[in-house]
There are 2 protein chains.
Amino acid sequence: MSGPKIVRMTTPTLRDVAQLAGVHPATASRALNPQTRPLVNAETARKVLRAAESIGYQPNPIARSLKTARSATVGLVIPDLTNPLFPPIVRGIEDVLTTAGYNAWIVNTDNDPGREERQVESLRSRQVEGLIVATARRDHPLLLRLHRQGVRLVLVNRRVDGLELPSVTADDDAGIAMAVAHLASLGHTKIAHLAGPQQTSTGVSRARAFRHALLDQGLADDPRLTVECGYWSEAEGAQALRRLLDSGAEFTAIVAGNDLIALGCYDVFAERGMTCPDDMSVVGFNEMPFLDKMRPPLTTVAIPHYEIGVEAARLLLDTIEEPDRHPRSVLLAPSLVVRASTAPPR
Amino acid sequence: MSGPKIVRMTTPTLRDVAQLAGVHPATASRALNPQTRPLVNAETARKVLRAAESIGYQPNPIARSLKTARSATVGLVIPDLTNPLFPPIVRGIEDVLTTAGYNAWIVNTDNDPGREERQVESLRSRQVEGLIVATARRDHPLLLRLHRQGVRLVLVNRRVDGLELPSVTADDDAGIAMAVAHLASLGHTKIAHLAGPQQTSTGVSRARAFRHALLDQGLADDPRLTVECGYWSEAEGAQALRRLLDSGAEFTAIVAGNDLIALGCYDVFAERGMTCPDDMSVVGFNEMPFLDKMRPPLTTVAIPHYEIGVEAARLLLDTIEEPDRHPRSVLLAPSLVVRASTAPPR
DNA sequence: GCCGAGGCCGCAATCGTTTGCGATGCAAGG
DNA sequence: CCTTGCATCGCAAACGATTGCGGCCTCGGC
């Protein structure tokens, strides 16, 4: 005759497995943790493992975090998940983190410093062990302060001035050089640049790269042909192009700071009855999804999004494990994908 | 002359504010928590508040979670963040959650049940107070089990058979009806349906709606004209269309299960030298971003992504606050946005 | 046979909060 | 004056894990 069935109301805890294995919770803890397992007898370790297995014990990460002040999670600070650039990067990050036993907290800042500060604070109070930041501006007091406080940081797609932080970015110089070389080889001589925000390192480095590339191609650098966008967005790209067109400047091709800015140009073309690439060539940057199905398919410089995420996560894990190693940065090679938004000038 | 500067090495804790305010930590705790504040003298409460303010005290959510078994966070289970359908929904969810003081954990399952189970387990061990699930299949043992265990669930875009769970979905019937009515009004009589996976409620409900809509338009329902896609993806959409074309069936328009499937059709058109909408009209579903810039711009039925997220979060908060209220579901009205992928048949 | 050295394990403190319960003080009521 | 009640607050035990420290036991060396 079997006794009354004991219904377990609560999830099994370390004490439960210890009791079942006939040992002290401390011993059970040591047995369960591969790091400390050598400290206990192999036989009792087996007993503990078996007990844990049998009742389906899962360590409580909250209690563990409280005691150890670690959390096996890192924070992901991005401006807006809605930007199609980020999801693949996030996937890359998550994939290497999870194989390392880490998890990621994602927060959106909407480019709002106040919101960013609150979000970061919330991440820190959850004991994240590091931050991967995609919102860096060249002058970024918050990041400076965090760095001084010893928070491990890795930047993606961006740098901050005067701060040696590990970062992973695409090689903007190479990418832009390919873009203008392509345009020049098609016969364009008057090329405009719709630059990204100059508060971001990416914005200035691409703008610089643009000027250098013009020189390399033996083309004149007309400062009136580069105009700055306030954000990396379609709307700002459109606005910038309107200003440029209205200024009366002459040009036959555009290298846009990124794909969204390039797509903003499409809107202006439609407004003004221009056709691309007949009236105007455009090349973007980033190779966001679905560009191949656009009208016209956008020529762009492709960057390895997923690998950017992968490298960023690796860098962060490295700095967690080796805190005082010299900050390493990785530069990923872009490639030009030529589609139908570029053609010889008429 | 000022004394030596005391450098605070550790973040301020409740004991610190209690000490500073000259009270016991318990009292400080009660004073800080609006729920329990009436239990302490108004004057001492003020003292505590001021002390907390002065040293920048932030409660430690980890310790709080450990004690209360709550966490002020909910889990978001989605198949793949890379699918552009989800980011806006996620934003909607996050926005209402954060104003309610909650946070969201996002996990990807890649449609892999094993991975899903592990991810959900990890969420539960972090004491999430509920789950918003976008990966539901009609037959979903995991969700059944979770529901039986009392986990608060709300479904987004999906239902599960035989389970009364709160859910928020677009009105598939209405959306599909609009799509085929549009096609019929253009003069199409042979309309095909590239259905989504029939393991998902959305897949079957759109397929059913398609047949009903044909009837309503007085059109014949030829079962050979609907073929099922294994996933909601471009590749599967393309594959399905190839099969349909190869079968020799005749049709002049396609209602795709969603936008990705519709875009998959574009690839096949290119392969086979067909042009859209001249040779074939297509309408999608979901209104994912950038469809207006596609070649051709895709006619689709738009659903309010952000609001779906908002409603889902509200539903979940409701079930958290009123656990045994009858499950409520919300159906959001879609709208047809007509672009250039649909035209009269030749 | 005794001593020292490890190996193995238990004790108890600790992480930062929350919360049931009891102690205290004071005012009101009998 | 004594009881009762209430408002206020402190005590201490949790929550579930980790970990320094020390105790016990065994074994080997002398």
Side-chain angles (χ1 to χ4, degrees), chain A residues 8-49 51-52 55-73 101 122 124-127 129, chain B residues 8-49 51-52 55-73 101 122 124-127 129:
Chain A
R8 167 163 300 290
M9 297 303 293
T10 163
T11 70
T13 163
L14 185 60
R15 312 170 64 92
D16 296 333
V17 351
Q19 191 170 346
L20 188 57
V23 299
H24 192 271
T27 309
S29 172
R30 283 187 268 255
L32 260 359
N33 187 336
Q35 298 280 326
T36 52
R37 190 165 307 154
L39 295 178
V40 326
N41 181 296
E43 173 57 28
T44 56
R46 246 197 311 279
K47 268 194 314 194
V48 172
L49 270 295
I55 61 176
Y57 169 73
Q58 292 292 120
N60 181 330
I62 307 224
R64 190 198 300 252
S65 289
L66 180 58
K67 175 61 182 171
T68 63
R70 271 173 286 115
S71 62
T73 86
S122 132
R124 293 192 65 190
S125 70
R126 289 194 159 73
Q127 315 269 36
E129 302 187 31
Chain B
R8 166 163 301 288
M9 297 303 293
T10 163
T11 69
T13 163
L14 185 60
R15 312 172 63 93
D16 297 331
V17 351
Q19 190 168 347
L20 187 58
V23 299
H24 192 271
T27 308
S29 171
R30 284 187 267 256
L32 260 358
N33 187 335
Q35 296 281 326
T36 52
R37 189 166 306 153
L39 295 178
V40 326
N41 182 296
E43 173 58 28
T44 55
R46 245 197 313 280
K47 268 194 314 194
V48 171
L49 271 294
I55 60 176
Y57 169 73
Q58 292 292 122
N60 180 330
I62 307 227
R64 192 198 298 254
S65 288
L66 180 59
K67 177 62 183 167
T68 63
R70 269 173 287 116
S71 63
T73 88
S122 134
R124 294 193 64 190
S125 70
R126 290 193 159 74
Q127 315 269 37
E129 302 187 30

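As the structure is a computational prediction, the values presented were derived from the model and not from experiment.
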Checklist entry - Which atoms form the tightest heavy-atom contact between A72(A) and G101(A), and what is the distance? => result CB-O, 3.7 Å
Checklist entry - Reckon S65(A) touches a base, only the sugar-phosphate, or nothing at all at heavy-atom distances under 4.0 Å? => result nothing
Checklist entry - In degrees, rounded to 10°, what is the bend between the two ends of the helix from dG1(C)-dC30(D) to dG30(C)-dC1(D), using five pairs at each? => result 60°
Checklist entry - Roughly how far apart are R15(B) CZ and H24(B) NE2, rounded to 0.5 Å? => result 8.0 Å
Checklist entry - Just how far is it from atom OG of S71(A) to atom CG of L66(A), taken to the nearest 0.5 Å? => result 12.0 Å
Checklist entry - How would nucleotides 14-25 of chain C be written as a contact map, 5' to 3', with B for base contact, S for sugar-phosphate-only contact and - for no contact, using protein heavy atoms under 4.0 Å? => result BBBBBBB-----
Item to check | Counterpart residues, side-chain hydrogen bond (donor to acceptor under 3.5 Å, both in side chains), relative to E129(A) (two or more places apart) | outcome: Y102(A)
Checklist outcome for this item: Contacts of S122(A) meeting side-chain hydrogen bond (donor to acceptor under 3.5 Å, both in side chains) (sequence neighbours excluded), chain-then-number -> R126(A)
Using atom types as modelled, flag every donor-acceptor pair under 3.5 Å from a side chain in residues 34-42 of chain A to any protein atom, sequence neighbours excluded.
{"from": "T36(A)", "atom 1": "OG1", "to": "R30(A)", "atom 2": "O", "distance (Å)": "3.0"}
{"from": "T36(A)", "atom 1": "OG1", "to": "N33(A)", "atom 2": "O", "distance (Å)": "3.2"}
{"from": "R37(A)", "atom 1": "NE", "to": "A31(A)", "atom 2": "O", "distance (Å)": "2.6"}
{"from": "R37(A)", "atom 1": "NH2", "to": "A31(A)", "atom 2": "O", "distance (Å)": "3.4"}
{"from": "R37(A)", "atom 1": "NH2", "to": "L32(A)", "atom 2": "O", "distance (Å)": "3.1"}
{"from": "N41(A)", "atom 1": "OD1", "to": "E43(A)", "atom 2": "N", "distance (Å)": "2.6"}

Next on the checklist: Quick check against the 3.5 Å criterion: does S65(B) have a side-chain atom that pairs as donor or acceptor with the backbone of P61(B)?
Outcome noted: yes
Checklist entry - Can you tell me how far C1' of dG10(C) sits from CG of N41(A), to the nearest Å? => result 15 Å
Checklist entry - Between Q127(B) and T73(B), is a side-chain contact (heavy atoms from CB on, under 4.5 Å) present by the stated rule, with each step listed? => result CA-CA 8 Å; Q127(B) 315 269 37; T73(B) 88; over 6 Å; no
Checklist outcome for this item: Exactly one of T13(A), L14(A), L20(A) clears side-chain contact (heavy atoms from CB on, under 4.5 Å) with D16(A), and that residue is T13(A)
Checklist entry - Can you pull the contact range of chain B along DNA chain D, 5' to 3', using atoms under 4.0 angstrom from its heavy atoms? => result dT8(D) to dG16(D)
Checklist outcome for this item: Residue set satisfying side-chain contact (heavy atoms from CB on, under 4.5 Å) with T68(A), at least two apart, ordered chain then number -> R64(A), R70(A)
